[in-house]
Protein chains: 2
Amino acid sequence: MTRARTFDPSTTLSQVVDLFASKGYSETSMEDIVQTTGVSRYGLYGTFGNKRELFEQALERYAEGMGKQSFLRLLEPGASLDHIRKIFDDRVADICCSEANRGCLFIHTAMELAPQDEELRGVLQRFMKRISKAFAIGLDSAKGRGEIHKDVDVDKAGELLTSSMFGLVVLGRTGFPRETLEGIVDSTLNSLKSAPVD
Amino acid sequence: MTRARTFDPSTTLSQVVDLFASKGYSETSMEDIVQTTGVSRYGLYGTFGNKRELFEQALERYAEGMGKQSFLRLLEPGASLDHIRKIFDDRVADICCSEANRGCLFIHTAMELAPQDEELRGVLQRFMKRISKAFAIGLDSAKGRGEIHKDVDVDKAGELLTSSMFGLVVLGRTGFPRETLEGIVDSTLNSLKSAPVD
DNA sequence: ACAAAATCAGAACGTACGTTCTGATTGTTA
DNA sequence: TAACAATCAGAACGTACGTTCTGATTTTGT
């Protein structure tokens, strides 16, 4: 009937995710996106809407990717502490040694946009609660395997792990060496093996 | 000899700190600063230099304020776990219940500027190391008082606390309730009371 | 009181951005 | 093959920003 798109919206969105994840919302211009993706403004606006809407879709995709890539296996039976550890290791590797200086779209959203954008704040809260819940489920499974202490409150510990993950990213962004971050991960996860006090 | 400044650079800088701490670098315009401080552009540029240099001084002041207000007492003899807990409580109160939506200048710097600004990244690293060290010294004192387990590596634990603090701010920014953050603080600090594993 | 010098408020300038518009191009259908 | 319709590249537009400039104002020392 007519000329077809010359780009694949899905792969374009992936590239946009990378841009936003490394530079945040304000520091990423539409010109950046046009240059990086090779997609025309016409294509971008026609397919994704304006910058704000594009960001929202990128955030959704980012969360989806984190879920499929990292957190989904925590929901499966047999999830272990090593699965949780792997999530942190991947995160550390992602931050420290990437040429792309990849950051974290969640933190960028929380710091840049969440306070003034109620909708995005709600989206972000949902994602973070989902992450905490996934951690909690994984921890519960790990508890069943005797890998963490039986008295650990997995819901609270899940929130703690979520918070820890963000703290790590902040440290990684300021250039702390990988060993430092790995040490923090070790301490955090090992603390789950002891009996909680109070 | 000549007309004097009509503003106090020190209090002006404090106001600028608040602005940058809540909205970050890019989202804070010089016009915002002029309006909030009531200081003319002439005065701002003449006293502090350009926006980037003003930000650097604000960051320095911010760190100084955090030190004097929170971390200095950790260096004094007799520092206890409660002193550390108070730092976290203050932080939580600062984030959750402020009308000003006060954020964290360190995180904003880490996410917005650090990757591309080597100098600021260095400054930020120094501040964060100082915080970790202060935590470590406080923890060492707390250990002497029998408040945390004797086998805790205070240096590593100091880095963990620093990282945790940032994670908390990110969660606070996305609107999580105060109780959630307080629960994380409790878990984090209580984990120092048990014997570390491995 | 007067002159000098630094202040202030705001206009002015150049740049960069998000968004829209336009003419040319392309691919598909009839 | 001819024509239509949606595409593309990039120009164009309005806005907002950081920074500089300007004329009026104010304060201090003589």
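Below, chains carry the letters A, B, ... as their sequence lines are ordered, and counting in each starts from 1. As the structure is a prediction and not an experimental result, all values here were calculated from the model.
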(request) Using a cut-off of strictly less than 4.0 Å between a heavy atom of the residue and any atom of DNA chain D, enumerate the qualifying residues of residues 28-38 of chain B by number. (result) Thr28(B), Ser29(B), Met30(B)

(message) Suppose we screen for side-chain hydrogen bond (donor to acceptor under 3.5 Å, both in side chains). Which residues come up paired with Thr174(B), at least two apart in sequence or across chains?
(response) none

(message) Using a strict threshold of under 4.0 Å (side-chain N to carboxylate O), is an ion pair present between Lys86(B) and Asp90(B)?
(response) yes

(message) Going by the rule ring pair (Phe, Tyr, Trp, His ring centres under 6.0 Å), which residues pair with Phe71(A) if we only count those two or more places apart in sequence or in a different chain?
(response) Phe135(A)

(request) Calculate the interatomic distance between Phe55(B) atom CZ and dC17(D) atom P; express it in whole Å. (result) 17 Å

(message) Below the 4.0 Å mark, does dT19(D) have OP1 or OP2 next to a side-chain nitrogen or oxygen of Asn50(B)?
(response) yes

(request) Rounded to the nearest angstrom, tell me the gap between atom CZ in Arg5(B) and atom P in dT28(D). (result) 14 Å

(request) Using a heavy-atom cut-off of under 4.0 Å over every strand shown, decide if Gly46(A) touches base, sugar-phosphate, or nothing. (result) nothing

(message) When you measure from the side-chain N and O atoms of Tyr42(B) to the phosphate of dT7(C), is any distance below 4.0 Å, counting only OP1 and OP2?
(response) yes

Donor-acceptor pairs are to be reported for all side-chain atoms of residues 74-83 of chain B against protein atoms at under 3.5 Å, with residues two or more places apart or in another chain.
from	atom 1	to	atom 2	distance (Å)
Ser80(B)	OG	Asp82(B)	N	3.3
Ser80(B)	OG	His83(B)	ND1	3.3
His83(B)	ND1	Ser80(B)	N	2.9

(message) Once side-chain hydrogen bond (donor to acceptor under 3.5 Å, both in side chains) is applied, do any residues pair with Arg41(A), and if so which ones, sequence neighbours excluded?
(response) Glu31(A)

Listing, residues 7-20 of chain A side-chain donor-acceptor contacts under 3.5 Å, not counting sequence neighbours, or none:
from	atom 1	to	atom 2	distance (Å)
Asp8(A)	OD2	Thr11(A)	N	3.4
Ser10(A)	OG	Arg61(A)	NH2	2.9
Thr11(A)	OG1	Asp8(A)	O	3.1
Thr12(A)	OG1	Asp8(A)	O	3.1
Ser14(A)	OG	Ser10(A)	O	3.4
Ser14(A)	OG	Arg61(A)	NH1	2.8
Asp18(A)	OD1	Arg102(A)	NH1	2.3

(request) Give a yes/no answer on whether the side chain of Thr6(A) brings an N or O atom under 4.0 Å of OP1 or OP2 in dT26(C). (result) no

